[in-house]
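Letters A, B, ... are given to chains in the order of the sequence lines, protein chains preceding strands, and every chain is numbered from 1. What you are looking at is a predicted structure, and each value in this text was computed from that prediction instead of being measured.
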2 protein chains.
Amino acid sequence: MARAGRKTRAVTILDIAKSAGVSKSTVSLVLKRSPLVREETRQRVAGAMDALGYVYNRGAASLRRARADIVGMVINDLSNPFFAELAIGIERALQNSGFVPFIANTAESVVRQAEVVRSMREHGAAGLILSPALDTDVAEISRLEARLPIVLAIRRIIGARASLVVSDNLAGATRATEHLIELGHRDIAFVGGVGRMVVFQDRVAGFTGAMEKARLAVEPARIIESMPTKDGGFDAMKRLLSSEGRPTAVVCFNDVVAIGAMLAIARHGLTVGRDVAVVGFDDTAEARHVSPALTTVSVDAGSLGERAAQMLLRQINEGERRLENYVGEARLVVRESCGATFKRRIAS
Amino acid sequence: MARAGRKTRAVTILDIAKSAGVSKSTVSLVLKRSPLVREETRQRVAGAMDALGYVYNRGAASLRRARADIVGMVINDLSNPFFAELAIGIERALQNSGFVPFIANTAESVVRQAEVVRSMREHGAAGLILSPALDTDVAEISRLEARLPIVLAIRRIIGARASLVVSDNLAGATRATEHLIELGHRDIAFVGGVGRMVVFQDRVAGFTGAMEKARLAVEPARIIESMPTKDGGFDAMKRLLSSEGRPTAVVCFNDVVAIGAMLAIARHGLTVGRDVAVVGFDDTAEARHVSPALTTVSVDAGSLGERAAQMLLRQINEGERRLENYVGEARLVVRESCGATFKRRIAS
DNA sequence: TGGGAGTATTGGAACGTTCCAAATACGGGG
DNA sequence: CCCCGTATTTGGAACGTTCCAATACTCCCA
């Protein structure tokens, strides 16, 4: 029961060749399904292969070919369901491409990010999908971009020349804010996210834009930053509520922040949707399952991931550089947390 | 701006050697931090490396060494936060091990699973952490197990001789059931999961065991199978509620099933915790955030993942076979969905 | 001044593929 | 029976490392 093939030299193309009575070159041709080899020999070789339990050695192959069939996916926070869905989308799109995804979770650490990117390069990754960690340096990206195909996902980095897959943050935040205004809210805050993130800037711009269009003032104190996590949202909301004159509605940076904020609101003895309207951003599965169900901006992480993967594959296959951008639609999904249904219920 | 290093031959150890005026062997020694090389040459070589922008080629290295620094993680459902947390735990434990994780999501398809396992073998993975898809064949596992280190995670497979990391499903389900019984419930159902999964069998055994110990009958109709997903839980609960004489409490196969079940209960006009008590299994982050908060059995997916990774590393490094088992503790976390707090509130 | 013990360094020979140019086989046609 | 074209097959020579045995170099002592 000791490990079999541990000491035994691995079965190689040469063993197959010998056993099938052909040359290694022929075996290689069979491997790549070349139409050059006669059907009969093909079968003989194939037979030898599974008789000997042959396992193709991709490492050796890509050594010769100078490029591996690996792509890296670098995710800044895999514990956020949004990014998990993104990862699944990428993985799904890669499925029949002949490429295999490496995954790494940087947990927002640029140091860790540099490590994993390096590791992926060392493994000969043909390309990278990168959802950059907070404070990622533009120079870092440019340096990378010069060396291998890379698509930036979700988080734009200003000044970076690289393909990009993001959602329409401006439009999404605008729509969410407008919705709250239509519901009659006048004092609205923006909660969560950190100022140096472009995503934050875009969403805040959407928020302020909509406010200004409705001739509503936005005090600086109505924009509260926090880490884009549940705890961050909780803390930010708590701060907001303990200051005097609380807003009647909040637009949250994303769903996890929103869920944290809802918790803080409840903890404060208030009711989400009645006392304070809440809207999120992302539409993760969780948004549907919290109570009250979260009104949020849907961006479909899964298909964003697929897009990113397809874009990367295109870039790998075409060989030369062509930057692409894809901005995914952001659709408002009205549920309960904004108070819309609540209002309706009262009206009837 | 065209891709630089695309056509240019990559910088190799030989280029470094020439530039630093040493032999390739010396460079190789520097690479592996050998104490054999003189400090001064070490620095010269290191200097040449980043002057030329050298990238280590792990593919070539592992070709020679006959084993790559890759481990595979095969996950049956990455969209379930439980497994996402498991994956993060694995990734975390691998972080300073010198091994890099490949990830694949099989989405419960044994066909897909066979594909990705094959691909990982082709890449020379040093070992595999496998959370097997539904209906995975024992023979398949045995075959694999004979070829490379592998640890089975979360889902046991009867008859498989392989290292194992699972949670204490029997004890967990027992505790959950006992808790409901202590709260006064007599008519309790078990909801979700599919009968041919060992995890299901274990949890049901815990459930029935606790019931029998309390001299309570368990009708076959009180054990409802379903896919271990939110929708599965929803459907199963709906079926259960539409039959006459509904139970006053349900033990759910896992958290996502429980959340689905809670949705069905609410949809049926009943209140979770008051009309029907619900307890889950896993204690994913979501459990805390649904409303009412889910009483559940905590198994700590993250640390289970870490364990699995450590076990795999041990197995890889030691060389010969030593099967290990780890059964993670299952702790009941009482929140609101079981009605305990509700009851208390009434009492006071 | 020769030798021995370290200490540093080095030149092949692998590792398992792919790629290329070249060789071979086979079938007719002249 | 030879030649030619088409269909198959084939032997190196890479690819970028690691490993091993062997060589240089230093220094010190007899």
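- Between A/F102 and B/F102, the ring-plane angle classifies as parallel under the 30° and 60° cut-offs.
- Annotation for B/R44: atom CZ counts as buried by contact number, over 12 foreign heavy atoms lying within 6.0 Å.
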Nucleotides 9-18 of chain D: which of its N/O atoms have a protein N/O under 3.5 Å away?
from: D/dT9; atom 1: OP1; to: A/R38; atom 2: NH2; distance (Å): 3.3
from: D/dT9; atom 1: OP1; to: A/T41; atom 2: OG1; distance (Å): 3.3
from: D/dT9; atom 1: OP2; to: A/R38; atom 2: N; distance (Å): 3.1
from: D/dT9; atom 1: OP2; to: A/T41; atom 2: OG1; distance (Å): 3.3
from: D/dT10; atom 1: OP2; to: A/S23; atom 2: N; distance (Å): 2.8
from: D/dT10; atom 1: OP2; to: A/S23; atom 2: OG; distance (Å): 3.2
from: D/dT10; atom 1: OP2; to: A/T26; atom 2: OG1; distance (Å): 2.7
from: D/dG11; atom 1: N7; to: A/S25; atom 2: OG; distance (Å): 2.9
from: D/dG11; atom 1: O6; to: A/S25; atom 2: OG; distance (Å): 2.7
from: D/dG12; atom 1: N7; to: A/K24; atom 2: NZ; distance (Å): 3.1
from: D/dG12; atom 1: O6; to: A/K24; atom 2: NZ; distance (Å): 2.7
from: D/dA14; atom 1: N3; to: A/R64; atom 2: NH1; distance (Å): 3.2
from: D/dC15; atom 1: O2; to: A/R64; atom 2: N; distance (Å): 3.4
from: D/dG16; atom 1: N2; to: B/A60; atom 2: O; distance (Å): 3.4
from: D/dT17; atom 1: OP1; to: B/Y54; atom 2: OH; distance (Å): 2.5
from: D/dT17; atom 1: OP2; to: B/I13; atom 2: N; distance (Å): 2.8
from: D/dT17; atom 1: O5'; to: B/Y54; atom 2: OH; distance (Å): 3.3
from: D/dT18; atom 1: OP1; to: B/Y56; atom 2: OH; distance (Å): 2.7
from: D/dT18; atom 1: OP2; to: B/S28; atom 2: OG; distance (Å): 2.5
from: D/dT18; atom 1: O2; to: B/R64; atom 2: NH1; distance (Å): 2.5

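- Residue pairs meeting the side-chain hydrogen bond (donor to acceptor under 3.5 Å, both in side chains) criterion with at least one partner in residues 47-56 of chain A, sequence neighbours excluded, do not occur; the list is empty.
- Contact of the A/V71 side chain with the A/I129 side chain is not registered, since no non-hydrogen atoms from C-beta on lie closer than 4.5 Å.
- With a 6.0 Å radius and a threshold of 12 heavy atoms from other residues, nucleotides or ligands, B/R156 has its CZ atom at or below the threshold.
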